Amino acid sequence: MKKMKCFHYHWWTDKVEEMEAWYRGIGFETRQRIGRANGEIREFNPPLEWEDFREENVQFRIIEMVQGQVNITFGQGKRDRFDHIGFLVDDREHNEVLKNASLLGWRVDEGERRTFISTPWRFRVELQRRKEAVRSEAFPSLARLELNIDRPGRLSALAELLGAEAEDKGETCLIRTADWELQLSRGQESSLESVEVRQREPLAGTDPVGVLMTSTI
């Protein structure tokens, strides 16, 4: 599974406008906005800006933002809740991960465009086969994600799902491939804590839901 790329994460939050503004401030482009207004699901995509639809009280199902090899989405929620991380895969990798999920006994929701696998820790894993989910092969790309895990269970099982190496120390587990790393640590709530991206420009900041984002070359 050497080609598999970690490219994506998704949040539910009551701070959707603040999230969009923050990520635009560090160079991300808004690709789409889909939400419900007056009982109807509609698109509010650019070139529309927030002032064009603010009075409609839109409940956003998804706002998608992209930059380089990174795709970030978030939707309207009552509070901040981390939902999933995503991987770009080819057909072979997709099928291998599904076999691993079956061996682990994890629930799979397979679709034509993307597949979701439920972990025991209140977040999901997305398998995405559409190359157009990212903008290009240029920087930035996701290098490292740190997640807190609040429920029992063998953390290295996620490495088994993804076909990756694992360094399991019980309370922490480092899962890695040649392209990316995931660090899982025991915490009070299952959540994404920090993200490190590969890019040439320095970056250090915390987004509105509390994810620390830094950069490495």
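Quick caveat: nothing in here was measured; it's all calculated off a predicted structure.
Between Arg31 and Glu29 there is no salt bridge, since no side-chain N of the basic residue sits under 4.0 Å from a carboxylate O of the acidic one. Using a cutoff of 4.0 Å between basic side-chain nitrogens and carboxylate oxygens, Lys15 and Glu17 are not scored as salt-bridged. Using a 4.0 Å cut-off between charged nitrogen and carboxylate oxygen, Arg79 and Glu189 count as a salt-bridge pair. One finds a salt bridge joining Glu20 and Arg33 here, because a Lys/Arg side-chain nitrogen approaches an Asp/Glu carboxylate oxygen to under 4.0 Å. Checked for salt-bridge contact, Arg129 and Asp90 miss the test: no charged N lies under 4.0 Å from a carboxylate O. Salt bridge Arg24/Glu49: present, at least one basic N to carboxylate O contact under 4.0 Å.
Glu43 places no side-chain N or O within 3.5 Å of a backbone atom of Asn45 that could act as its donor or acceptor partner. Judged purely by atom type and a 3.5 angstrom limit, Ser191 has no side-chain atom pairing as donor or acceptor with the backbone of Glu193. Looking at Arg36, its side chain does come within 3.5 Å of a backbone N or O of Gly39 through a donor-acceptor pair. Listed for the Glu93 side chain is a donor-acceptor partner under 3.5 Å among the backbone atoms of Met4. Side-chain atoms of Asn100 come within 3.5 Å of backbone N or O of Leu161 as a donor-acceptor pair. A donor-acceptor pair under 3.5 Å is absent between the side-chain atoms of Thr115 and the main chain of Glu110, judged by distance alone. Checking side-chain atoms of Thr119 against main-chain N and O of Phe123 turns up a donor-acceptor pair under 3.5 Å.
Atom CZ of Arg200 sits in a sparse spot, with 12 or fewer heavy atoms from other residues, nucleotides or ligands closer than 6.0 Å. More than 12 heavy atoms of other shown residues, nucleotides or ligands fall within 6.0 angstrom of atom CZ in Arg54. Counting non-hydrogen atoms of neighbouring residues, nucleotides and ligands closer than 6.0 angstrom, the CD atom of Glu165 reaches no more than 12 such neighbours. Atom CZ of Arg42 has more than 12 heavy atoms from other residues, nucleotides or ligands within 6.0 Å. Within a 6.0 Å radius of CD in Gln188, no more than 12 heavy atoms belonging to other residues, nucleotides or ligands are found.
Checked against the 6.0 Å centroid threshold, Phe53 and Phe60 count as a close aromatic pair. Aromatic rings from Phe116 and His84 are positioned such that their centres are separated by under 6.0 Å. Between Trp121 and Trp106, a ring centre-to-centre spacing shorter than 6.0 Å is recorded. Aromatic rings of Phe87 and Trp180 (six-membered ring for Trp) have centroids within the 6.0 Å cut-off, being under it.
Neither side chain, Ser185 nor Asn148, offers a donor N or O lying under 3.5 Å from an acceptor on the other. A donor atom on one side chain and an acceptor atom on the other are found under 3.5 Å apart for Thr13 and Asp80. In this model, a donor atom of one side chain and an acceptor atom of the other lie less than 3.5 Å apart for Gln183 and Arg144. Using a 3.5 Å distance cut-off with no hydrogens or angles, the side chains of Ser118 and Arg107 do pair a donor with an acceptor. At a cut-off of 3.5 Å, with distance as the only test, no side-chain donor of Ser141 or Gln69 sits close to an acceptor on the other residue.
Taking the side chain as every heavy atom from C-beta outward, Arg151 and Pro120 never approach each other to under 4.5 Å.
In plain terms, the two heavy atoms of Ala133 and Gln128 that are nearest each other are CB-CG, 3.9 Å.
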side-chain hydrogen bond (donor to acceptor under 3.5 Å, both in side chains) between Asp83 and Trp12, intermediate numbers included: CA-CA 7 Å; Asp83 190 85; Trp12 299 106; 3.1 Å; yes
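A continuous path of ILVMFWY side-chain contacts below 4.5 Å connects Leu192 to Leu127, so both sit in one hydrophobic cluster. Both Phe74 and Phe44 are members of a single hydrophobic cluster when ILVMFWY side chains are connected at heavy-atom separations under 4.5 Å.
Of the candidates Glu64, His10, Met65, Glu64 is the only one forming a side chain to side chain contact (heavy atoms under 4.5 Å, CB included) with Asn71.
Classification of the Phe82-Trp11 ring pair by plane angle, with boundaries at 30° and 60°, yields tilted.
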